[in-house]
Structures are given as structure tokens and as C-alpha cells.
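Chain naming here is simple, since letters A, B, ... match the order of the sequence lines and numbering starts at 1 in each.
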2 protein chains.
Amino acid sequence: MSSPIRGYPEGHTPRGTGRQATRAKVVPDRRRAILDAAVRVFARQGFHACRVSDIADEAGVAYGLLYHYFPSKEEVLNTLFLERWGVMLEMIREVDAQKLPVRDKLAAIASFIVDSYRHDPDLMKVIIVEVTRAANSFGQTHLGEIREAYRMIGEIVTKAQREGVFKTDIDAEFAAMTFYGAIEQVLTGWIFGLLPEGEEHFERAKWLLVETICGGLQTRTAERLS
Amino acid sequence: MSSPIRGYPEGHTPRGTGRQATRAKVVPDRRRAILDAAVRVFARQGFHACRVSDIADEAGVAYGLLYHYFPSKEEVLNTLFLERWGVMLEMIREVDAQKLPVRDKLAAIASFIVDSYRHDPDLMKVIIVEVTRAANSFGQTHLGEIREAYRMIGEIVTKAQREGVFKTDIDAEFAAMTFYGAIEQVLTGWIFGLLPEGEEHFERAKWLLVETICGGLQTRTAERLS
DNA sequence: TCGACCATTGACTGACCAGTCAATCTACCT
DNA sequence: AGGTAGATTGACTGGTCAGTCAATGGTCGA
């Protein structure tokens with residue numbers, strides 16, 4: 001029925017199956033194709049509004065194959081979210097472990113998220129709209145993962161307060177929510193087409209985000225030095 | 001089937017029908033009952049996950065009656081959103097027209113939104129989760145209304161910049177997104193149970209929000225005076 | 001008292017769609 | 001060549017649910 005995907009562009013050892021790539025001919029990774037197609041379909045139509053057949057069609061794959069790799073439509077979304085969120089948590093953890101000024105740590109986090117959007121806007125749209133901001137259904141499912149991110153950012157703020165760089169009269173958990181909320185709102189602005197996109201805007205956004213939030217959080221002493 | 005709602009608590013002339021209230025016996029406003037029930041059901045189960053019959057049951061009303069007052073399930077949600085968002089836009093408009101320091105204007109907006117949540121958390125949950133943050137479906141439908149709020153907040157920031165109270169190197173539209181995003185994230189924190197709720201927390205949140213954002217936006221001169 | 005008009009009821013229908021499954025294909029091994 | 005196991009196919013099923021509609025009830029004016 002559908003195109004057999006000859007001449008596969010590049011590397012990628014197939015994963016998830018016992019199959020082996022043979023010489024120049026590489027076995028197409030159907031599982032990956034389904035995940036990638038799902039991102040596009042979810043971004044375009046939304047998780048609830050799309051049909052499983054839309055995903056299969058987009059992936060150029062038979063309907064039933066999706067259920068060979070995933071137990072349900074939900075699980076496709078869960079996989080997408082966990083894959084990406086895991087990378088982000090890892091990144092925050094690493095940043096936090098380093099010996100850096102708060103401002104640089106927060107800048108690294110903002111950069112990572114903005115770059116994630118730059119690299120794959122559809123994926124970020126799906127994660128934000130269908131999971132992170134969906135207090136019902138998926139938001140509940142992944143509450144633990146989401147909370148972990150806030151917790152780590154809060155941790156960074158707390159340290160900065162101990163060092164006297166951030167004011168102590170603003171609760172760290174609060175500051176974390178504010179910081180993350182501002183970032184997500186900016187992404188939402190791009191997603192909705194309310195803010196201009198493009199390389200220079202992405203870079204500027206990183207700076208503005210850090211400037212605004214750190215400006216409001218730091219002590220006068222710290223400010224004089226910056 | 002269901003209780004006839006005798007002894008109606010208070011005033012409220014029935015709206016939406018040609019009916020008149022007669023003496024002590026007040027005609028129950030079924031349309032309102034349906035809207036109120038929908039808020040509870042949407043908040044509990046989410047718009048997509050709930051059935052129209054859930055709303056009818058919650059309202060103590062027959063299934064078909066919902067379609068007497070609304071053309072569709074969607075339109076119930078639209079009505080809820082527009083009712084509330086309209087009040088908010090009106091409020092921002094009034095605040096903006098007054099002669100007040102920026103900080104007070106932004107504080108008024110933050111107060112209004114926080115108080116909205118305090119007064120009817122379910123309604124705010126529905127508006128945020130199902131409309132404001134749903135980039136697909138409803139978010140698209142009401143993009144104009146949502147944008148108008150950002151625009152007016154941006155307007156307030158622009159004025160403050162002209163007066164030299166806010167830095168000019170941070171775009172006003174950006175600042176508006178940041179401010180609104182921070183507020184919404186705090187509400188989301190309450191909705192998800194990630195931040196503690198309660199009178200003192202609500203009041204403190206207002207202050208923290210304004211402090212954080214204004215702190216990051218104002219000029220050093222303005223800061224020295226505060 | 002009658003009839004008109006709107007409110008109210010809830011069983012029913014038609015569409016839709018997630019998930020199943022038996023059949024077929026393909027790669028690879030012996 | 002024959003066999004095995006996993007990959008792939010897509011028609012089909014069972015359940016769900018938004019929206020319809022014919023029937024009933026209630027209120028009020030004439």
C-alpha cells in the first residue's frame with residue numbers, strides 16, 4: 001500500500017527489536033516513525049481530536065502496527081513526554097551540580113528549553129499543551145515528573161538565597177514557579193503566534209527571561225555588582 | 001425524577017426566558033444551574049472526558065434540557081469562558097484608565113485574578129486548563145479575547161516605560177507575557193496541589209507576584225524610591 | 001375552561017473510533 | 001527448501017456518546 005522507504009538516509013541502528021541492519025540496507029525504525037508522526041499529528045489536531053488512524057497514516061504504516069509497539073494511544077503520548085522530560089531533568093541536575101552563579105544556572109535552563117522549542121516546536125507544543133498544562137488526565141499522570149523540575153529549580157534559588165545573592169523574603173518554591181511559568185508562557189506565545197519567532201527572538205528571549213526574573217529576585221548588593 | 005428546588009435562597013430574577021418570578025415562589029433558573037453544574041463537572045473530569053449526561057445529572061435536569069439552552073456541549077464551555085473573561089477585560093480596562101502608579105495597576109490585576117480563584121477555583125481551573133492553555137481547539141477559538149488581555153497589560157507596561165519607571169530594554173509585550181504567565185503558573189500550582197492554598201497564601205501571592213515582576217522591570221531610579 | 005406556547009423529559013439513533021485479531025509477509029536460520 | 005518468529009496488514013467489533021425528537025407538563029392569557 002504505502003511507500004517502502006528505500007534508501008534510508010543515515011545511521012540509526014534500529015532499536016526495540018532483535019533485528020539487525022545489513023550492510024547498506026538499514027531496517028526502518030517503525031516505532032520511531034510512529035512517535036515522530038504522533039508529534040506532528042498531536043501538534044496539528046490535539047491529542048483528543050485526532051484518531052489513531054491519523055497517526056498511522058502520517059507514519060505511513062498500517063493501523064494495527066501502532067498497537068504492536070504501544071499498548072494504547074495514551075501510551076504514545078506518555079512515551080513522547082517522558083523521553084523529553086527525562087532529558088530536561090537530567091540537564092537541570094547537571095547544571096545544578098556545577099559551580100556556577102545562579103544567573104548562569106537559570107540562563108542555562110532557559111536556554112535549554114528555548115532551544116528545545118527551536119529544535120522541535122511541535123514536540124514542545126505537544127508536551128506543554130497536552131501534558132504540562134493539562135491539569136486533568138495527563139497532567140495528573142505525570143505530576144511527579146513535573147514537580148521534580150520545579151523542585152530542582154527551587155533548590156537552585158534556595159542556594160542563591162543562602163549565598164545572599166537572592167532576597168530571602170520571596171519563597172524559593174514560589175520563585176521557581178514564577179520562573180518556569182514565565183518561560184512556558186513565552187513558548188505558549190510562540191505556539192499561539194502571539195510573539196514573533198526566529199533566531200534573534202529566541203536568543204533575546206533567553207536574555208529577557210533571565211533579566212526579568214533575576215532582576216526581581218536578587219538583592220540590591222548583588223545587583224550593584226552585575 | 002430530581003428534586004424540584006423549592007425555597008430558592010435569594011433574589012436572582014430568572015434570565016433567558018420570558019418567565020416572571022411570582023411572589024415568594026421563584027422560578028429556578030435552569031440555564032444558570034446547567035452552567036454551574038458544568039463548571040463542577042469540567043473541573044472534576046475535564047471537558048473531553050465528561051459526558052453531557054454528567055452535566056445534566058449534576059444540574060438535576062433532564063439530558064435534553066441542555067440542548068434547549070445551548071446548541072452544543074462546546075457552547076457551554078464557550079459561555080463560561082466568555083462570561084468570566086469579559087469581566088476580567090472590563091476590570092483591566094478600568095484599572096488602566098485610572099491615574100495610578102504601575103505597581104498599583106499590576107497589583108490590581110494580580111489581585112483580581114487571585115481573588116477570582118479564591119472565589120471560584122473550579123471556574124478558574126476550567127478556564128485555564130480547557131481554554132487559556134489549550135492551544136488546540138478552544139485556545140484557537142478565543143485567541144482574540146486572550147490576546148486582548150495581553151495587549152492591555154502590555155499597554156500598561158509601555159506607559160510605565162515612557163514615564164521612566166520601567167526599563168526600556170525589555171519589550172512591553174514580553175513583559176506582559178511574563179507577568180501574566182507567572183500569575184497563571186501560580187494558579188496552576190494551586191490547581192495541581194503544588195503550592196499551598198489558603199487566605200494568607202493568596203494574599204502573599206499577590207505581593208510576591210508584583211514584587212518579583214516589578215523588581216525585574218523597574219529602573220534603578222524607580223527602585224531607590226520604592 | 002381552553003388553548004397556545006414554552007419548558008422539560010429521556011429513549012433513541014447514527015456516527016465515530018479505540019482496540020482486536022486472524023491472516024499475510026519478510027528475514028533469517030538450519 | 002522448509003521452518004520459525006517477529007513485523008505488518010486492515011477489516012471488523014463493541015462500546016460510547018453527542019445530538020435529535022416526539023411526547024408530556026406547566027403557566028398564563030383570553
Should [X] be listed as having a side-chain N or O under 4.0 Å from OP1 or OP2 of [N]?
X: B:R51; N: D:dA18; answer: no
X: A:R30; N: D:dA7; answer: no
X: B:Y67; N: D:dG19; answer: yes
X: A:H68; N: D:dT8; answer: no

Would you kindly give the [atom1]-to-[atom2] distance between [X] and [N], to the nearest whole Å?
X: A:L65; N: C:dT24; atom1: CG; atom2: C1'; value: 14 Å
X: B:L66; N: C:dT8; atom1: CG; atom2: P; value: 12 Å
X: B:Y63; N: D:dG19; atom1: OH; atom2: P; value: 7 Å
X: A:F70; N: D:dT8; atom1: CZ; atom2: C1'; value: 15 Å
X: B:D57; N: D:dA18; atom1: CG; atom2: P; value: 12 Å

* Validation row: B:T212, A:F174 side chains within 4.5 angstrom (heavy atoms) -> no

Open item on the list: If you define the side chain from C-beta out and look only at heavy atoms, does anything of B:R93 sit under 4.5 Å from B:D96?
Closed with: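 No, every pair of side-chain atoms sits at 4.5 Å or beyond.
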
Exercise for the section: Check whether the side chains of A:Y180 and A:Q185 place a donor and an acceptor atom closer than 3.5 Å, and report yes or no. Expected result: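 No pair is found: no donor N or O on one side chain lies under 3.5 Å from an acceptor on the other.
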
Does either side chain, that of A:R133 or that of B:T132, offer a donor lying less than 3.5 Å from an acceptor on the other one?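 There is no such pair between these side chains.
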
Result for salt bridge (charged side-chain N to carboxylate O under 4.0 Å, His left out) between A:R118 and one of A:E203, A:E197, A:E200 points to A:E203

Salt-bridge present (B:D54, B:R44; N to O < 4.0 Å): no

Item checked: B:R32 bridged to B:E83 by N-O distance under 4.0 Å ->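 Between B:E83 and B:R32 there is a salt bridge, with a charged N closer than 4.0 Å to a carboxylate O.
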
inquiry  = Determine whether B:E130 and B:L77 satisfy the following criterion, side chain to side chain contact (heavy atoms under 4.5 Å, CB included), listing intermediate values before the conclusion.
reply    = CA-CA 8 Å; B:E130 306 293 348; B:L77 178 56; 4.1 Å; yes

Residues of residues 37-50 of chain A with a heavy atom under 4.0 Å from any atom of DNA chain C, listed by number, are A:C50

**Asked** For residues 71-79 of chain A, which residues have at least one heavy atom under 4.0 Å from DNA chain C?
**Response**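 Contacting residues: A:S72, A:K73.
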
Review point. Any N or O donor-acceptor pair linking the side chain of B:Y69 to the base of C:dA7 at under 3.5 Å?
Key: no

Side chain of B:A62 only, please: which of D:dT8, D:dG19, C:dT9 is the nearest?
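Closest of the options to the side chain of B:A62: C:dT9.
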
Should A:D122 and A:D120 be marked as a side chain to side chain contact (heavy atoms under 4.5 Å, CB included) after you check the CA-CA gap, both sets of side-chain angles, and the distance that decides it?
CA-CA 6 Å; A:D122 280 351; A:D120 194 342; 3.9 Å; yes

